[in-house]
Amino acid sequence: MSELNTLTIAEARDRLRARDVTATELTEACLGAIDAAGALNAFVHKTPEIARRMAAEADQRLAQGDAPAMCGIPLGIKDLFCTTGVATQAASRILEGFRPEYESTVTQNLWDAGAVMLGKLNMDEFAMGSSNETSVYGNAVNPWKVDDRQLTPGGSSGGSAAAVAADLCLAATGTDTGGSIRQPAAFTGTVGLKPTYGRVSRWGTIAFASSLDQAGPMTKTVRDAAIMLGAMASVDDKDLTSADRPVPDYEAALTGDIRGKKIGIPREYRMDGMPAEIDAMWQQAADMLRDAGAEIVDISLPHTKYALPAYYVIAPAEASSNLARYDGVRSGRRAKLGAGDGINDMYEKTRAEGFGPEVQRRVMVGTYVLSAGFYDAYYNRARKVRALIKRDFDQAYASGIDAILTPATPSAAFGLGEMADADPVQMYLNDVFTVTVNLAGLPGISVPVGLDKQGLPLGMQLIGRPWDEGGLLNFAQVLESAAGFVAKPGRWW
């Protein structure tokens with residue numbers, strides 16, 4: 001039973017339905033793995049009592065023949081999702097002590113489907129980061145290791161990626177504002193899916209940049225991502241940006257047949273200085289899809305070079321507005337005030353103590369670009385660039401392209417601390433292949449395809465047509481099957 005935590009969702013689902021294993025046994029295996037993996041710092045709020053209660057309820061449902069695909073599946077939940085009565089801090093000091101009285105729509109959908117909550121997962125503070133080093137809990141650690149170097153699991157969903165890669169849970173929730181599901185998945189040899197904007201409700205998920213944020217699954221396989229997305233997705237009256245569209249059977253879309261489909265290779269993604277092995281793996285991935293019957297087509301997305309600067313204007317601008325609500329008045333941390341201090345002093349001291357340096361940096365950038373005299377020069381111009389980036393994708397798909405293949409990241413996982421004191425722009429460059437997808441509101445997925453010369457995983461990204469997660473997942477499964485990636489990190493923790 002000790003190896004039950006290594007199962008995929010699909011494997012566990014079938015064994016649970018066959019009564020070959022119970023949800024309680026599955027949950028206990030994961031709880032034991034979490035307790036043994038403290039060195040990874042992936043789980044920051046463990047909820048074993050809640051997990052055992054939910055597992056017992058799932059076993060009752062299974063015994064009665066009421067077994068949705070996620071029934072009895074133990075999950076980790078990113079600390080950005082509000083969970084009733086359970087600490088939810090967005091990895092920030094300013095939300096110290098916050099225990100929501102409500103459940104996010106995403107997690108409620110999962111619990112309604114019978115899933116089990118193991119606890120809350122580490123992340124970058126307010127999802128602002130690419131290495132999980134801005135967390136108030138300290139950084140999560142990648143279970144993949146080179147010699148004695150500890151590596152980043154990526155960010156912001158670093159705890160989710162580390163937990164899935166180390167088999168501490170069967171899957172996890174993540175959020176993606178500029179690559180925060182896909183980049184950590186690529187760094188840890190897991191699968192990360194960012195759905196179309198509006199496919200999954202944002203209600204009850206602590207906001208970073210409201211026009212970019214989207215929740216999605218982080219899993220061990222593409223099939224698992226299809227199963228989990230089906231449970232997470234829904235229209236929601238509490239989120240007017242959620243789409244009133246039927247949720248397809250994503251698992252049924254995994255036919256493995258991509259004959260006659262067209263895969264675009266954007267020439268603008270061939271960046272100067274990109275490691276040769278990533279370029280070679282990109283070509284190998286294209287060859288795998290061609291061998292499966294797809295047509296590989298060179299395409300142009302001409303405004304790609306403007307995506308990163310546009311993103312780092314729009315996202316901080318929206319963050320500065322969203323984070324203005326954290327003032328020490330209603331919940332979370334409140335600074336101690338001196339004699340004569342007024343309400344403005346309380347705001348200033350609370351935010352200075354509560355927000356970390358990276359969040360402060362982005363809030364200040366966002367406030368600046370929204371200020372009088374700079375709004376048109378920065379924010380409005382960035383919005384226009386965003387529209388051009390979306391038009392590039394629209395034109396590619398209108399020409400008959402069914403999906404687009406790119407690298408997921410410009411490198412394999414880097415060492416913790418290696419970029420922490422560098423120019424922050426160097427850290428932001430980790431998002432160079434992913435931010436376009438958020439700016440255009442498209443679905444994207446990272447699939448592990450191989451190892452670099454150090455033995456670290458590398459991921460490829462597939463970008464789909466809007467609302468066609470089923471087609472995207474089918475391409476991803478074909479690539480996953482052809483790549484045959486089965487490597488796991490050696491257990492050192």
Side-chain angles (χ1 to χ4, degrees), residues 2-9 29-44 46 74-79 91 118-124 129-133 135 137-174 180-192 217-221 224-225 408-409 411-419 430 446-459 480 483 485-493:
S2 62
E3 299 301 312
L4 290 176
N5 55 298
T6 65
L7 295 175
T8 66
I9 292 175
C30 290
L31 291 173
I34 293 166
D35 286 342
L40 298 180
N41 198 28
F43 276 85
V44 292
K46 293 183 275 190
L75 302 177
I77 302 299
K78 186 177 180 179
D79 195 37
L118 297 167
K120 306 299 281 291
L121 292 161
N122 209 344
M123 56 176 283
D124 282 292
S130 301
S131 64
N132 213 142
E133 291 176 283
S135 171
Y137 311 117
N139 56 265
V141 179
N142 196 327
W144 292 82
K145 203 172 184 181
V146 176
D147 301 323
D148 291 326
R149 288 170 65 218
Q150 288 198 333
L151 305 175
T152 175
S156 64
S157 307
S160 299
V164 174
D167 293 318
L168 309 187
C169 52
L170 270 61
T173 60
S180 287
I181 286 175
R182 291 160 289 150
Q183 183 247 31
F187 279 2
T188 56
T190 56
V191 172
M218 303 186 73
T219 60
K220 300 176 186 181
T221 67
D224 284 4
T409 58
S411 71
F414 50 87
L416 286 163
E418 287 183 6
M419 290 196 186
N430 272 281
S446 176
V447 180
V449 295
L451 301 173
D452 74 355
K453 60 188 176 185
Q454 301 178 87
L456 296 176
L458 294 172
E480 175 186 61
F485 184 91
V486 294
K488 298 286 287 185
R491 181 162 177 172
W492 54 266
W493 56 91

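Keep in mind it's a predicted model, so treat the numbers as computed, not measured.
Two residues are said to be in side-chain contact when any heavy atoms from C-beta on lie closer than 4.5 Å; S160 and M123 fail this criterion. Taking the side chain as every heavy atom from C-beta outward, K78 and S156 approach each other to under 4.5 Å. No side-chain heavy atom of T190 sits less than 4.5 Å from a side-chain heavy atom of K220. Two residues are said to be in side-chain contact when any heavy atoms from C-beta on lie closer than 4.5 Å; Q183 and N430 meet this criterion. Between D224 and P217, the closest side-chain pair of non-hydrogen atoms is not below 4.5 Å. Using a 4.5 Å heavy-atom threshold, the side chains of F485 and V449 count as separate. Using a 4.5 Å heavy-atom cutoff, the side chains of F187 and L151 are not in contact. Between E133 and E418 the shortest side-chain heavy-atom distance does not fall below 4.5 Å.
The backbone N or O of S131 sits less than 3.5 Å from a side-chain atom of T152, completing a donor-acceptor pair. When atom types are taken as modelled, the side chain of N142 and the backbone of W144 share a donor-acceptor pair closer than 3.5 angstrom. In terms of modelled atom types and a separation under 3.5 Å, the side chain of D79 and the main chain of A91 share a donor-acceptor contact. The closest donor-acceptor contact from the side chain of N122 to the backbone of G159 lies at 3.5 Å or more, if one exists at all.
The shortest non-hydrogen separation linking S157 to G174 is OG-CA, 3.7 Å. In plain terms, the two heavy atoms of G459 and S446 that are nearest each other are CA-OG, 4.1 Å. For A412 against L456, the heavy-atom pair with the smallest separation is CB-CB, 4.0 Å. Among all heavy-atom pairs drawn from P153 and A162, the shortest one is CB-CB, 4.2 Å. In this structure, A172 and L121 approach most closely via the heavy-atom pair CB-CD1, 3.7 Å.
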Under 3.5 Å, which donor-acceptor pairs do the side chains of residues 486-493 form with other protein atoms, sequence neighbours left out?
{"unit_1": "K488", "atom_1": "NZ", "unit_2": "D167", "atom_2": "OD1", "d": "3.3"}
{"unit_1": "K488", "atom_1": "NZ", "unit_2": "D167", "atom_2": "OD2", "d": "3.3"}
{"unit_1": "W492", "atom_1": "NE1", "unit_2": "P143", "atom_2": "O", "d": "2.8"}

N/O donor-acceptor pairs under 3.5 Å from side chains in residues 29-40, not counting sequence neighbours:
{"unit_1": "D35", "atom_1": "OD1", "unit_2": "K46", "atom_2": "NZ", "d": "3.3"}

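Taking CG of L451 as the start and NZ of K453 as the end, the distance is 14.0 Å to the nearest 0.5 Å. Here the straight-line distance linking atom CE of M419 with atom CZ of F414 works out to 4.5 Å at 0.5 Å rounding. Separating the CG atom in L118 from the CG atom in L168 is a distance of 9.0 Å, to the nearest 0.5 Å. To the nearest 0.5 Å, atom OG1 of residue T221 and atom CD of residue E480 are 5.5 Å apart.
The one candidate from D124, L416, N41 that meets the side chain to side chain contact (heavy atoms under 4.5 Å, CB included) condition with N132 is D124.
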